[in-house]
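Note sheet for the following structure.
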Amino acid sequence: MKETTEAQRMEKIVSLCKRRGFIFQSSEIYGGLNGLWDYGPLGVELKRNLKSYWWRVMVHERDDVVGMDGSILMNRAVWKASGHEDTFTDPMVDCRSCKARLRADQIVEKKGAKQCPVCGGKDLTEPRSFNLMFKTYVGATEDESSVTYLRPETAQAIFVQFKNVLDVSRKKLSFGIAQIGKAFRNEINPRNFTFRSREFEQMELEYFCRAEEGIKLLEYWKEERLKFYENIGIARDKLHVLTVPDEERAFYSKGTYDIEYDFPFGRQELEGVAYRTDYDLSQHQKASGKSLEYFDEETKQKFIPHVVEPSAGVDRTVLALICEAYSEDQAPDEKGKMETRIVLRFHPRIAPIKCGVFPLLKNNEQLVAKAKQIVDLLRPHMFVFYDESGAIGRRYRRQDEIGTPFGITVDFETLGEKDSALCDTVTLRERDSMKQERVAIKDLADILISRIS
Ligand code: ATP
């Protein structure tokens with residue numbers, strides 16, 4: 001029963017995403033392309049707000065982290081040294097009955113027999129390794145010498161630029177390098193809407209430290225990252241920390257946590273926080289022949305730093321934000337009759353549009369002019385949306401459904417027609433409680449800025 005309701009909830013979310021312009025299927029008019037998605041006018045805002053909050057918390061509000069932006073295509077040698085060319089694989093199985101291509105760990109086992117989750121068939125091939133990197137050629141000749149890959153993670157650019165960034169930023173250990181960017185994986189089985197895509201964005205921090213600090217910093221970053229999710233409006237009780245067992249961890253990692261979220265389709269990973277030891281820098285030092293050591297001025301020692309990596313997915317977090325925000329409640333319509341209201345209860349900090357501005361009537365010049373003045377007043381500080389069409393209740397509903405946390409209505413009291421004390425005041429409506437307060441226009445920017453930042 002619970003599964004059906006959760007499946008229905010997910011269907012409603014996917015349909016809202018398309019209807020209101022959060023997420024569309026990529027290349028839709030040509031039948032789409034599996035595992036690829038486009039963000040529409042509201043989706044792009046949500047995504048940008050998430051990324052800029054991550055950047056604010058992880059880079060701007062800290063003294064010990066700097067940012068960078070690496071290229072997507074890199075020298076093939078990077079992927080050889082990092083191990084991706086040889087080992088970035090998933091075990092793949094084919095179902096001979098329905099021809100489905102499956103990840104071996106997605107096969108279901110019933111009464112001791114392995115079954116295809118699509119058709120239930122038992123005629124499956126043996127698992128074989130499938131490299132998830134997209135191969136491409138750089139330059140005009142398509143031969144072995146021009147092969148490289150679209151990066152499957154952003155982290156490697158940070159490792160190979162470690163020395164340059166260290167030299168220019170003059171940071172002392174412990175310090176981090178942060179990056180947000182696209183990554184590509186030719187996933188065998190993309191699914192669950194945008195959750196497992198073939199092109200996605202990552203927000204990664206490589207936090208370099210001394211070996212003896214690694215374990216402590218792993219704990220520290222796990223806690224920091226949990227706080228982050230709470231600060232963007234994800235309930236703590238829907239977040240879970242999985243300690244990745246020894247046998248599933250990369251051989252070089254001394255500890256990995258997965259931060260998981262209760263999606264409607266099950267509990268799934270949002271972010272990995274991994275203590276990767278000195279593996280990556282050592283590999284690149286060995287393969288490139290260039291020193292990636294750190295010189296400790298106090299002890300006069302040279303060594304390769306260890307690293308703790310919180311690696312989060314932008315798209316998965318956006319999906320979690322939408323799933324978390326989606327709700328239905330009962331609210332009175334124009335005539336006072338109760339109706340179902342769809343509300344995206346986004347935290348104001350990440351909501352795509354911060355505030356709707358509505359003149360009570362669209363055919364009253366003074367109301368319209370005042371509302372437009374308010375739009376001009378707020379625009380330098382936040383993304384606002386002006387709407388004059390339809391009954392005011394319907395305009396509120398449209399904004400509720402896309403998660404706009406505040407609505408400003410300009411009415412006859414604003415014009416001072418009823419009570420001169422109310423001249424140049426407006427109603428400020430809050431999305432979740434639907435409560436309205438009367439606020440002076442001159443105070444609007446300060447009030448809203450304090451609530452959305
Ligand atoms: P999974 O086990 O789900 O494939 P992973 O453990 O391989 O993920 P990492 O390599 O740790 O993932 O990547 C870090 C983060 O990047 C993940 O926590 C996730 O948020 C994001 N990510 C990885 N693969 C995808 C994908 N195919 N689609 C969307 N986001 C992804």
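Side chains included, hydrogens not; waters and symmetry mates left out as well; all remaining heavy atoms used. In each ligand, atom 1 is the first atom listed, and ligand 1 is the first ligand listed. We count residues from 1, following the sequence as given.
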**OP:** Let me know which protein residues bring a heavy atom to under 4.0 Å of ligand 1; chain then number is fine for ordering.
**Re:** R185, E187, F195, R196, S197, F200, Q202, E269, L270, E271, G272, S311, A312, G313, R316
**OP:** Any salt bridge (charged side-chain N to carboxylate O under 4.0 Å, His left out) involving residues 288-314? Give me the pairs, sequence neighbours left out, ordered by first then second residue.
**Re:** R210-D296, R276-E309
**OP:** Determine, for R316 against E271, whether the closest basic-nitrogen to carboxylate-oxygen distance falls under 4.0 angstrom.
**Re:** no
Original post:
Which distance, rounded to the nearest 0.5 Å, do you find between the SG of C95 and the CG of L124?
Top reply: 5.5 Å
Subject >> Where at least one partner belongs to residues 23-35, residue pairs that pass side-chain hydrogen bond (donor to acceptor under 3.5 Å, both in side chains), sequence neighbours excluded >> reply: K18-E28
Original post:
Can we say R185 and E199 salt-bridge, meaning some charged N sits less than 4.0 Å from an Asp/Glu carboxylate O?
Top reply: no
When the side chains of residues 147-155 are checked against the rest of the protein, which donor-acceptor pairs come out under 3.5 Å, sequence neighbours left out?
residue	atom	partner	partner atom	Å
T148	OG1	M74	O	2.6
Y149	OH	E85	OE2	2.6
R151	NE	K182	O	2.6
R151	NH1	G70	O	3.2
R151	NH1	S71	O	3.3
R151	NH2	K182	O	3.1
E153	OE2	Q156	NE2	2.8
T154	OG1	E204	OE1	2.4

